[in-house]
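Contents: one structure, followed by commentary.
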Amino acid sequence: MKRCHYIKGLVCLLGFLLVSHSAAAASFDFRSVRWGMNRFEVMASENIAPKKMARNELLYRVSLFKRPAHLMYRLYDDRLVGMRYVLPVKASDSLDKLEKLVSLRYGTARRETGAVGALRVWNRPDRTVRLFFAKKGQAVIDVVSKGAATISSIELTRLRRSTSEAVVSTL
């Protein structure tokens, strides 16, 4: 009888751990981070050291779609407000092809034309995702939290520009 209670207790504990683990995993906004984390929390979430660190950014070399890429975390007032993937464009790549891959996670994109040319945009309750080709033969997946809307447009533009220049200079 005691053994039966012991086994039931272990099963309950295992079930609780599995449920709490999946709930914790579901609470991440992107990779293993949440909006608003500070730089040290973001760095602790990655298994590798950043390639470059600056006041408002952390740059990592990662793999995306089975190819090398850069991942730039953007911080404002030491809080995570955005991230950007930059990956080299293959001759066979098209915006539509990459859109299909990103759409697996975010659903149907809206097609727009902006200062960078054609782009795809996904609006979600907590983030805006933009996909476009940069001038240097790179595809860019730009993710900005809705909380970044509190940042002035001048600061947000400066943050995007510094991020773009940092990534381009390291490819």
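Worth saying up front: this structure is predicted, and the values here are computed from it rather than measured.
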Which pair of non-hydrogen atoms, one from [X] and one from [Y], has the smallest distance, and what is that distance?
| X | Y | result |
| --- | --- | --- |
| L87 | A69 | CB-CB, 3.9 Å |
| S45 | V33 | OG-CG1, 3.1 Å |
| L75 | L80 | CD2-N, 3.6 Å |
| F65 | I141 | CE1-CD1, 4.0 Å |
| V89 | A139 | CG2-N, 3.2 Å |
| P50 | M43 | CG-CE, 4.4 Å |

Would you compute the distance between atom [atom1] of [X] and atom [atom2] of [Y] and round it to the nearest 0.5 angstrom?
| X | Y | atom1 | atom2 | value |
| --- | --- | --- | --- | --- |
| L58 | E46 | CG | CD | 9.0 Å |
| N47 | Y60 | CG | OH | 10.0 Å |
| D142 | M72 | CG | CE | 11.0 Å |
| E99 | L119 | CD | CG | 10.5 Å |
| M37 | S32 | CE | OG | 8.0 Å |

Residue pair [X] / [Y], side-chain heavy-atom distance below 4.5 Å:
| X | Y | result |
| --- | --- | --- |
| V62 | Y85 | yes |
| L131 | L95 | yes |
| L98 | F133 | yes |

Check this for me: does any side-chain nitrogen of one of [X] and [Y] sit under 4.0 Å from a carboxylate oxygen of the other?
| X | Y | value |
| --- | --- | --- |
| D77 | R55 | no |
| D126 | R34 | no |
| D78 | R39 | yes |

| request: Establish whether I48 and M83 are linked, either directly or via other cluster members, by ILVMFWY side-chain heavy-atom contacts under 4.5 Å. | output: yes

| task | Determine, step by step, whether L71 and R61 satisfy the side-chain contact (heavy atoms from CB on, under 4.5 Å) criterion, reporting the C-alpha distance in whole Å, the side-chain angles of both residues, the deciding distance to 0.1 Å, and the verdict. | result | CA-CA 6 Å; L71 170 61; R61 274 193 187 258; over 6 Å; no

| query | Excluding sequence neighbours, so at least two apart, what forms salt bridge (Lys or Arg N to Asp or Glu O under 4.0 Å) with R79? | reply |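 Residues passing salt bridge (Lys or Arg N to Asp or Glu O under 4.0 Å) with R79: none at all.
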
Can a donor-acceptor pair be found, under 3.5 Å and without considering hydrogens, that links the side chain of [X] to the backbone of [Y]?
| X | Y | result |
| --- | --- | --- |
| W122 | R130 | no |
| R120 | D96 | no |
| E57 | A54 | no |
| S103 | G107 | yes |

| task | Just do the side-chain contact (heavy atoms from CB on, under 4.5 Å) check on R127 and K146 with the steps written out, would you? | result | CA-CA 5 Å; R127 74 192 75 192; K146 293 293 184 182; 5.5 Å; no

| Chi angles and distances behind the salt bridge (charged side-chain N to carboxylate O under 4.0 Å, His left out) call for E112, R110 | CA-CA 6 Å; E112 293 183 5; R110 191 175 70 244; 2.3 Å; yes

| task | Output, in order, the C-alpha distance, side-chain angles, deciding distance and verdict of side-chain contact (heavy atoms from CB on, under 4.5 Å) for F132 and Q138. | result | CA-CA 9 Å; F132 58 92; Q138 302 158 341; over 6 Å; no

| request: For side-chain contact (heavy atoms from CB on, under 4.5 Å), just list the numbers for D93 and R67, CA-CA rounded to whole Å, side-chain angles, deciding distance to a tenth of an Å, and then say yes or no. | output: CA-CA 12 Å; D93 286 335; R67 64 179 89 175; 2.6 Å; yes

